[in-house]
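Beneath this line is the structure, given in structure tokens, with notes to follow.
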Protein chains: 2
Amino acid sequence: MQDTASGIMKRIEELAAERGVPVRAILVGSAARDTWLSGSHDLDIFLGMPTDCELGLALQIARDIATERTEKYAEHPYVHAIIEGFEVDLVPCYLVEDAGHLKSAVDRTPFHTRYVSERVHGLEDDVLLLKQFMKGVQVYGSELKTGGFSGYLTELLVLSYGSFEGVLSAASGWRPGISLDPMGHGSIGHDEPLVVIDPVDPRRNVAAALSLERMMLFSSAARSFLARPDIGFFFAQQEEALSDQELEQIIASRASMPILIDFAAPDVVEDVLYPQLRKAEASIRALLEKRGFSVLRSDVFAYRDRAVMLFEMQVWRLSRISLRIGPQVWQSEHVTRFLEAHPHPLSGPYIKGERVVVEEAREHDCAQDLLAAQIEKLALGRHLSGAIRRVHNIYAGPEILAVRDMEYRIFLSEYYLARHRIG
Amino acid sequence: MQDTASGIMKRIEELAAERGVPVRAILVGSAARDTWLSGSHDLDIFLGMPTDCELGLALQIARDIATERTEKYAEHPYVHAIIEGFEVDLVPCYLVEDAGHLKSAVDRTPFHTRYVSERVHGLEDDVLLLKQFMKGVQVYGSELKTGGFSGYLTELLVLSYGSFEGVLSAASGWRPGISLDPMGHGSIGHDEPLVVIDPVDPRRNVAAALSLERMMLFSSAARSFLARPDIGFFFAQQEEALSDQELEQIIASRASMPILIDFAAPDVVEDVLYPQLRKAEASIRALLEKRGFSVLRSDVFAYRDRAVMLFEMQVWRLSRISLRIGPQVWQSEHVTRFLEAHPHPLSGPYIKGERVVVEEAREHDCAQDLLAAQIEKLALGRHLSGAIRRVHNIYAGPEILAVRDMEYRIFLSEYYLARHRIG
């Protein structure tokens with residue numbers, strides 16, 4: 001891999017020289033600091049340019065050195081290529097003076113690489129062990145889908161606590177509110193459950209994307225592992241998809257009401273899609289709860305080019321009759337307006353406590369009907385609202401098995417088992 | 001009526017003289033102060049004795065002057081008699097020095113009579129109008145079943161505000177927290193919505209039994225009457241019992257789940273029974289809500305020798321699956337015990353927020369089952385718990401029409417219409 005990296009970097013600088021473009025090739029990421037763990041993603045090579053140049057020139061060089069490639073987009077476009085069997089990201093960036101004055105988020109990466117490279121020597125195995133442990137207990141990966149630990153965060157933890165075991169031992173005592181600041185230069189407050197101030201940027205929390213669940217899950221796994229070390233912790237148990245019959249049985253025995261909203265996912269990357277799905281999930285939960293229904297648990301998932309939101313209801317049917325709590329008795333003008341607005345209640349008006357109350361039929365007495373009627377009216381964010389308005393399906397009960405996709409089936413199976421490695 | 005009263009009092013004092021018992025007959029209540037409103041109850045005659053005598057001697061005299069009589073019991077026994085067509089209560093009491101040093105609650109009554117008699121002259125019609133108005137809007141009567149205004153309270157309001165209209169005009173602006181103290185001698189705090197310090201006892205709130213609902217209902221009716229005076233306010237509209245078919249239709253159109261607990265009422269007076277029924281109602285509501293069910297409205301009622309508690313459910317069925325929220329992740333001993341206590345969850349254990357969670361089947365997923373299983377275990381007070389444990393019926397849905405009693409049917413009809421005179 002190192003040979004491939006050197007070859008690519010050489011080729012970038014040759015092309016740059018040919019074209020008179022001041023590009024410097026920089027190997028960043030875990031491959032640069034010998035903490036690379038075999039997995040999906042291999043090499044990160046940045047194409048650094050002075051801040052007064054056009055990044056487009058570097059992008060063109062990236063395109064020209066790879067034949068098998070796709071173009072992707074984070075803050076700026078970059079090239080994802082397969083070279084000599086390795087997955088390589090070729091990312092144009094600016095070479096800024098210091099990490100406090102970035103032109104774009106990727107410009108920070110070379111600083112991270114330099115900071116870790118200068119300090120990690122002798123601790124590479126600890127980093128690799130920790131990454132593999134985190135993979136095994138399913139807390140590794142800072143993509144917004146996972147909300148886990150990034151590679152850089154893992155490295156900083158090893159540097160801070162001195163070893164793999166040091167990290168585990170510290171983490172076993174974690175509660176929300178842990179704060180680390182290796183350079184002692186943190187300059188603003190953060191309210192995330194774990195705060196690790198970036199050594200190259202005093203304003204940034206490296207653990208900002210880590211969810212409370214993943215932090216607590218890691219803490220719990222660390223404690224269990226230290227109490228009874230077991231090789232099993234390093235290897236995630238992938239749930240297999242349950243059969244239709246098994247899922248039907250589970251749905252029947254839970255006697256809840258799962259409601260699935262299935263639609264064509266908007267054409268955005270997962271790091272954009274998942275936060276939007278989570279926000280939409282929260283909005284829909286809020287709507288359901290506000291109307292008196294109750295959600296046991298919910299989750300979201302994207303598969304192929306589609307997305308689903310799953311709401312498992314513990315209360316999905318209400319009486320048709322409902323209370324309308326009106327104003328306080330002594331607010332006579334409000335009372336008059338309230339009574340005018342409800343001229344033919346099924347019961348009332350009557351006084352309850354200090355308020356006027358009437359009882360009327362509610363618009364939707366079952367959760368599916370409410371969702372069917374309201375889903376297109378909810379503000380679910382630019383991308384999702386459009387996608388849902390175009391076409392969506394609502395499935396309830398065993399109908400949720402109508403979606404025939406293996407990834408979705410694994411998602412469903414994991415949803416129903418919901419088993420974390422605890423204790 | 002005055003002749004009858006005089007006759008009875010003369011007879012009491014004759015008997016007392018014959019027996020050498022130092023009893024003084026005292027006419028108290030509304031008949032004594034010309035504010036008597038024709039209704040069920042007519043004359044209150046107290047048999048006052050020095051504090052060092054036996055009340056039993058007075059009770060014997062009361063027995064001996066009435067042939068058609070029953071014996072009743074409040075704090076002490078007393079005689080309820082029919083004499084010359086009038087209903088008469090003959091109540092032994094102590095003649096205490098002042099109302100601050102009572103031996104029993106009834107000893108206060110002669111002081112009330114004296115206080116009002118000395119001041120009410122010229123305002124008798126205002127008192128009568130106010131009492132009739134309160135009857136018409138269903139807030140008159142201080143029995144604990146009603147929680148309305150007592151006759152003495154009504155008189156004090158007229159004395160305080162100077163007239164029937166004065167009371168209505170003041171009441172139209174009432175909010176909880178109104179306080180009156182005619183003698184300016186109130187000595188302790190009260191937290192009832194209306195506080196009227198007893199002119200003869202600085203520690204007592206005459207309006208202590210008045211419920212917030214009745215107070216607000218009176219306030220609202222007063223405002224409406226002053227805006228559009230109408231003779232209709234003085235006459236309560238008695239709801240008639242709806243037919244089976246009408247009730248079935250109402251039950252179906254509300255699509256709620258009424259649950260009725262019906263049992264033999266313990267043999268106590270309504271003023272003892274109703275507070276116990278209300279407490280039991282609150283305990284059962286709390287149980288239902290704690291387990292995730294939701295009560296739209298509830299009520300209690302006693303008819304003949306039986307009592308019922310009615311709970312109209314807006315959520316009466318839950319998913320079988322339920323969340324068990326465990327300890328925080330870092331409380332490792334609690335976590336261990338929690339996991340041991342839930343060895344085979346249907347889902348989990350997993351981490352949600354900072355807590356360990358499992359999902360298990362709940363014991364009762366429908367409200368009727370929960371009540372059937374728990375009702376005998378609830379602490380519902382001495383009298384009720386025993387009565388319910390002996391025998392009870394639980395009816396749900398249209399089954400609640402199984403109770404064939406006209407008073408109960410009127411209760412049900414009033415429950416479903418629930419119409420107060422507002423606006």
Side-chain angles (χ1 to χ4, degrees), chain A residues 172-176 193 212-217 219-220 223 250 253-257 292-294 296-297 312-323 328-330 332 335-336 338-340 346-357 359 361 365 415-420 422-423, chain B residues 172-176 193 212-217 219-220 223 250 253-257 292-294 296-297 312-323 328-330 332 335-336 338-340 346-357 359 361 365 415-420 422-423:
Chain A
S172 6
W174 277 355
R175 305 178 178 202
L212 176 59
E213 270 88 356
R214 298 288 149 183
M215 176 185 175
M216 291 291 101
L217 186 49
S219 167
S220 170
R223 191 164 51 233
I250 287 174
S253 73
R254 294 169 78 84
S256 59
M257 179 59 74
F293 302 103
S294 163
L296 184 96
R297 189 147 55 93
E312 185 177 14
M313 307 303 298
Q314 67 183 339
V315 174
W316 62 94
R317 178 166 291 284
L318 303 171
S319 61
R320 190 173 309 136
I321 193 81
S322 74
L323 299 182
Q328 289 160 313
V329 170
W330 57 85
S332 53
V335 169
T336 304
F338 178 75
L339 297 177
E340 282 167 5
L346 289 176
S347 292
Y350 58 86
I351 289 171
K352 183 179 178 181
E354 57 191 35
R355 291 186 178 272
V356 178
V357 178
E359 293 176 10
D365 57 8
Y415 172 87
Y416 278 123
L417 296 172
R419 212 158 282 160
H420 285 158
I422 305 169
Chain B
S172 9
W174 276 355
R175 307 177 177 204
L212 177 59
E213 271 89 357
R214 297 289 148 184
M215 177 186 175
M216 292 290 102
L217 187 48
S219 167
S220 170
R223 193 163 50 235
I250 287 173
S253 72
R254 294 170 77 85
S256 60
M257 178 60 73
F293 302 102
S294 165
L296 183 95
R297 190 148 56 93
E312 185 178 14
M313 307 301 299
Q314 66 182 338
V315 174
W316 61 93
R317 178 166 289 285
L318 303 170
S319 61
R320 189 173 310 138
I321 194 81
S322 73
L323 299 182
Q328 289 161 313
V329 170
W330 56 85
S332 53
V335 170
T336 304
F338 178 75
L339 296 178
E340 282 167 5
L346 289 176
S347 292
Y350 60 85
I351 289 170
K352 182 178 178 182
E354 58 191 35
R355 291 188 178 271
V356 178
V357 177
E359 293 176 10
D365 58 8
Y415 173 87
Y416 279 123
L417 296 172
R419 211 159 283 159
H420 284 159
I422 304 170

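Keep in mind that what you see is a predicted model, and the values were worked out from it rather than measured. FYI, side chains are in, hydrogens and waters are out, and symmetry mates aren't considered; it's all heavy atoms of this structure. Residue numbers begin at 1 in each chain, while the letters A, B, ... track the order of the sequences.
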Bottom line for A:Leu417: the part with an atom under 4.5 Å from chain B's heavy atoms is backbone

Okay, B:Thr336 and chain A: the region with an atom under 4.5 Å from a heavy atom over there is neither

Cut-off 4.5 Å, heavy atoms of chain B, and the answer for A:Met313 is backbone

Okay, B:Arg175 and chain A: the region with an atom under 4.5 Å from a heavy atom over there is both

Bottom line for A:Arg254: the part with an atom under 4.5 Å from chain B's heavy atoms is both

The interface call for A:Trp174 against chain B, heavy-atom contacts under 4.5 Å, is backbone

Given B:Lys352, B:Met257, B:Arg317, the one with more heavy-atom pairs under 4.5 angstrom with chain A than any other is B:Lys352

Looking only at A:Pro176, A:Ala361, A:Ser172, most heavy-atom pairs under 4.5 Å shared with chain B are made by A:Pro176

Judged by modelled atom types alone, do B:Gln314 and B:Ser256 share a side-chain donor-acceptor pair under 3.5 Å? no

Counting heavy-atom pairs under 4.5 angstrom with chain A, the leader among B:Gly292, B:Ser332, B:Ser253, B:Ala255 is B:Ala255

When every non-hydrogen atom of B:Ile351 is compared with those of A:Ser220, the smallest separation belongs to CD1-CB, 4.3 Å

With chain B, the option among A:Asp365, A:Ile321, A:Val357 that has the most non-hydrogen atom pairs under 4.5 Å is A:Ile321

Residues at least two apart in sequence or cross-chain that pass side chain to side chain donor-acceptor pair (under 3.5 Å) with A:Arg297, listed by chain then number, are B:Tyr350, B:Glu359

So CD1 of A:Ile422 and CZ of A:Arg223: to nearest 0.5 Å the spacing works out to 10.0 Å

Okay, A:Ser294 and chain B: the region with an atom under 4.5 Å from a heavy atom over there is neither

Of B:Ile250, B:Leu318, B:Leu217, B:Leu296, the largest count of non-hydrogen pairs under 4.5 angstrom with chain A goes to B:Leu296

Note: B:Val356 and B:Val329 closest approach over all heavy atoms is CG2-CG2, 4.3 Å

Shortest non-hydrogen pair, A:Phe293 vs A:Trp316, comes out as CE2-O, 3.4 Å

A:Ser322 meets the side chain to side chain contact (heavy atoms under 4.5 Å, CB included) criterion, sequence neighbours left out, with A:Arg362

Checklist entry - Got a donor-acceptor contact below 3.5 angstrom from the A:Gln328 side chain to the A:Arg355 backbone? => result no

